[in-house]
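Values below: every heavy atom of this structure, side chains too, minus hydrogens, waters and symmetry copies. Keep in mind that what you see is a predicted model, and the values were worked out from it rather than measured.
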Amino acid sequence: MGDFLIEGQYRYVQQPKGLGELFFDKCDEDSSKVAMVYHGVSFTYGDLKKTTEKLIQTFSDNGIHKGCHVGFCGPNSAGWAASFFALNHLGAVMILFNYKSVDKELVTTASSLKLTHLVKIDEEGEPHISSFPEGEIDKREHLPVLYFLTSGSSGTPKLIGATERQLIFSIDAIANMEKMRPGDSCCLVLPLNHIFGLGTLLPCLMVGVPLYIPASTRSKDVFSCLEGGRCTIINAVPTLMLALAHSEYLKDFDQSHLRTSTIGGASPSKAAMMDIFSALPGVSFLKLYGSSECAAVAHSMLDDSVPDILESVGKPLSDISIKIVDPESGQALEKGKPGEIYIKSDYLKYGDQSIVDGDSYFHTGDLGYLNQKGYLVYLSRKDEMINRAGEKVYPVEIRDALSALDGVEDAYVYGRNDYFLGDQIVALIEKGNQQLSEAEIKDRLREKLPSFKIPDRILFYEKFPLLPNGKLDKGKLLSLAEECIKNTENHPESR
């Protein structure tokens, strides 16, 4: 097992109780305490319990019961949280959709799961229920509590199931990692249909950390929420934290109450992390590595050094076993040698069993290594590794070098099939304030990287496309890049 034991008092996963029981116990224990603040209105645990009990009856009257496949979406709200626990109490299998793109996502999942109902939460937190007579009831004995629809940032979205014990394990991981305690409050900015968003909501509710929901993800509204709730915690994707770091409202923000922030959902460059550190110097930042299949796998700790946080994603959790395997030979590798990250845990989610081997190790498709101190270093997706004329190139190394340049706001690097090289290196750059030419960028990279790691092509963009959850839309970005390259190849005089 992992050699890193979470220090903390929260071990809900060792209790025999389910998610709903834990929630209702907390509501009874802290009935008068504030659980969530939404649109300036405070909801106590007692309020949440009453709303949840009312929704249990409403959903039951609409035919929702154990095994029903219920599509579920809506903006962050107390109504979303109450609906979640009501559906969980009834034994429904929830499929979490992004409310901004639910129609498209319904089409994506139609061939996999036939919904019996769709519950949409409106801006006021009220549910609207649709029924589908052709839907199917899941009669399996051991049902997942819900399905996440992966963001599709690296390909076609897919459904990943989660069991109750896996969600409770995530509560332990986040609560102990951030050392949640009385007096804390959290700015809930992540969408709740995302594993990281739900993974923030649940530990806060179970531990008793009030959740403040901003009016939007715009920097002005997030800063207003942080100050209004005197929030001590904010968890976010790198894009949002960078937006805060570069916001015009930062100079007027009182940082004294904000103590920690976990950054996850995407891998930030070292330059991006340093910008965030510099903008919020009083905040302890943590990095979280996980997947939809496995939830939390490794994370940094509050007392980790800056170099350890920049270089790695932390140490494996005590309930997680990790080994690094040579993708070609299948042999386990020693510390310091890169290979595919294999994960073994009692809390693996339902998913594609073809990528779980006979020893119950999940093949993540991620490349990385364990360093001599036991920290996990993430390099790239296995299918993103570039083989240029026989030389193995990890995109993250070039991306970090590019992102450190003054004229580069962000960068994405990938390999493109080439007749002579096997793969050519393509760098996509989101431009910063200082304008750099392709030749200038290559000259500066030669000071840091060997010649075979210098990009063969460099394309410039004003802004990278993003998904609704704030992560990079890799599919769209690559499509734009390929269209541009093909147009150039078709018109050689424009090179």
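- Considering every non-hydrogen atom in both Asp275 and Ala245, the closest pair reads O-CB, 4.1 Å.
- Looking only at distances, no side-chain donor or acceptor of Glu430 sits under 3.5 Å from a matching main-chain atom of Lys463.
- Residues satisfying the ring-ring contact (aromatic ring centres under 6.0 Å, His included) test with Tyr212, not counting sequence neighbours, are none.
- For Glu311, the side chain to side chain contact (heavy atoms under 4.5 Å, CB included) partners at least two apart in sequence or on another chain are Lys270.
- At least one side-chain heavy atom of Ile458 sits under 4.5 Å from a side-chain heavy atom of Ile429.
- In this structure, SG on Cys204 lies 7.5 Å from CG on Leu188, to the nearest 0.5 angstrom.
- Counting all heavy atoms, side chain and backbone alike, Tyr361 lies closest to Ser321 at OH-OG, 3.0 Å.
- With salt bridges taken as basic N to acidic carboxylate O contacts below 4.0 Å, one links Asp366 and Arg381.
- One N or O on the side chain of Asn76 and one on the backbone of Leu190 form a donor-acceptor pair closer than 3.5 Å.
- For the pair Ile324/Lys337, no side-chain contact is recorded, criterion being any heavy-atom separation below 4.5 Å from C-beta on.
- Applying the salt bridge (Lys or Arg N to Asp or Glu O under 4.0 Å) criterion to Asp122, with sequence neighbours excluded, gives no partner residue.
- Using a 4.5 Å cut-off on side-chain heavy atoms (C-beta onward), Phe460 and Ile441 make contact.
- Centroid-to-centroid, the aromatic rings of Phe277 and Phe285 come within less than 6.0 Å.
- Counting heavy atoms from C-beta outward, Phe84 and Met94 have side chains that approach closer than 4.5 Å.
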*Please lay out, stage by stage, how Ile341 and Leu367 fare under the test side chain to side chain contact (heavy atoms under 4.5 Å, CB included).*
CA-CA 6 Å; Ile341 302 170; Leu367 296 175; over 6 Å; no
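- Salt-bridge check for Glu447 with Lys442: failed, with every basic side-chain N at 4.0 Å or more from each acidic carboxylate O.
- Across every non-hydrogen atom of Ile213 and Met36, the tightest pair is CD1-CE, 3.6 Å.
- Salt bridge status for Arg416 with Asp456: absent, with no side-chain N to carboxylate O gap under 4.0 Å.
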*Go through the steps to decide whether Tyr249 and Ser224 satisfy the test side chain to side chain donor-acceptor pair (under 3.5 Å), and finish with yes or no.*
CA-CA 10 Å; Tyr249 302 103; Ser224 177; over 6 Å; no
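- Asp418 places no side-chain N or O within donor-acceptor distance of the main-chain N or O of Asp423, the cut-off being under 3.5 Å.
- A distance-only check finds no donor-acceptor pair linking the side chain of Ser380 to the backbone of Pro395 [under 3.5 Å].
- Here the rule is side chain to side chain contact (heavy atoms under 4.5 Å, CB included) with Pro455, and of Leu445, Leu428, Val426 only Leu445 fits it.
- Residues Leu198 and Leu192 come closest through the heavy atom pair CB-O, 3.8 Å.
- Side-chain contact annotation: Asp400 with Ser269, donor-acceptor N/O pair under 3.5 Å absent.
- Taking every heavy atom of both residues into account, Met177 and Leu302 meet most closely at O-CG, 4.0 Å.
- One side chain, Thr262 or Glu178, offers a donor N or O that lies under 3.5 Å from an acceptor on the other.
- Side chain of Asp304 to backbone of Asp308: no donor-acceptor contact under 3.5 angstrom is found.
- With sequence neighbours excluded, no residue satisfies side chain to side chain donor-acceptor pair (under 3.5 Å) with Lys448.
- Contact check on Lys453 versus Glu397 returns a salt bridge, with a Lys/Arg side-chain nitrogen under 4.0 Å from an Asp/Glu carboxylate oxygen.
- Ser479 contributes no side-chain N or O that, together with a main-chain N or O of Gly475, makes up a donor-acceptor pair within less than 3.5 Å.
- Side chain of Ser261 to backbone of Asn235: no donor-acceptor contact under 3.5 angstrom is found.
- With values rounded to the nearest 0.5 angstrom, Leu146 atom CG is found 5.0 Å from Leu96 atom CG.
- Distance alone, capped at 3.5 Å, is enough to place a donor-acceptor pair between the Ser403 side chain and the Arg399 backbone.
- Checking side-chain atoms of Ser185 against main-chain N and O of Gly229 turns up a donor-acceptor pair under 3.5 Å.
- A donor-acceptor pair shorter than 3.5 Å cannot be found between the side chains of Arg388 and Gln424.
- Salt-bridge annotation for Glu440 and Arg444: absent, with no side-chain N of the basic residue lying under 4.0 Å from a carboxylate O of the acidic one.
- In this structure, CG in Asp221 is found 8.5 Å from OG1 in Thr217, a value given to the nearest 0.5 Å.
- Rounding to the nearest 0.5 angstrom, the gap separating the CD1 atom in Ile195 from the OG atom in Ser170 is 6.0 Å.
- Taking the side chain to side chain donor-acceptor pair (under 3.5 Å) definition, one finds that Asp103 meets it with nothing, sequence neighbours left out.
- Within the 4.5 Å cutoff, the side chain of Tyr99 has no heavy atoms near those of the Lys120 side chain.
- The main-chain N or O of Glu409 is never found under 3.5 Å from a side-chain atom of Lys431 such that the two would form a donor-acceptor pair.
- Atom CD of Gln372 is separated from atom CD of Glu334 by 8.0 Å, given to the nearest 0.5 angstrom.
- Considering every non-hydrogen atom in both Pro465 and Lys476, the closest pair reads CB-CD, 3.8 Å.
- Counting only heavy atoms from C-beta outward, the side chains of Gln255 and Leu250 approach each other to under 4.5 Å.
- Under 4.0 Å is where a charged nitrogen must lie from a carboxylate oxygen, and between Arg230 and Asp254 at least one such pair does.
- Tested against Pro203 for a side chain to side chain contact (heavy atoms under 4.5 Å, CB included), the candidates Ile171, Val209, Ile168 yield a single pass: Ile171.
- Rounding to the nearest 0.5 angstrom, the gap separating the NZ atom in Lys315 from the CG atom in Leu370 is 10.5 Å.
- Proximity of Ser312 to Leu376: side-chain heavy atoms (C-beta onward) are nowhere separated by under 4.5 Å.
- Look at Asp184 and Arg259 and you find a salt bridge, because one of the NZ, NE, NH1 or NH2 atoms lies within 4.0 Å of a carboxylate O, short of that distance.
- Judged by the 6.0 Å distance and 45° axis criteria, Lys474 is not positioned over the aromatic ring of Tyr412.
- A perpendicular orientation is assigned to the rings of Phe253 and His257, their planes being inclined by more than 60° (bins at 30° and 60°).
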*Please assess Tyr289 against Tyr378 for the test side chain to side chain contact (heavy atoms under 4.5 Å, CB included), listing each intermediate value before the final yes or no.*
CA-CA 9 Å; Tyr289 168 75; Tyr378 172 83; 4.1 Å; yes
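- The side-chain heavy atoms of Tyr369 and Leu333, taken from C-beta on, include no pair separated by under 4.5 Å.
- Ring geometry for Tyr342 against His363 counts as parallel: the plane angle stays under 30°, on a 0 to 90° scale with 60° as the upper cut.
- With sequence neighbours excluded, the residues satisfying salt bridge (Lys or Arg N to Asp or Glu O under 4.0 Å) with Asp443 are Arg446.
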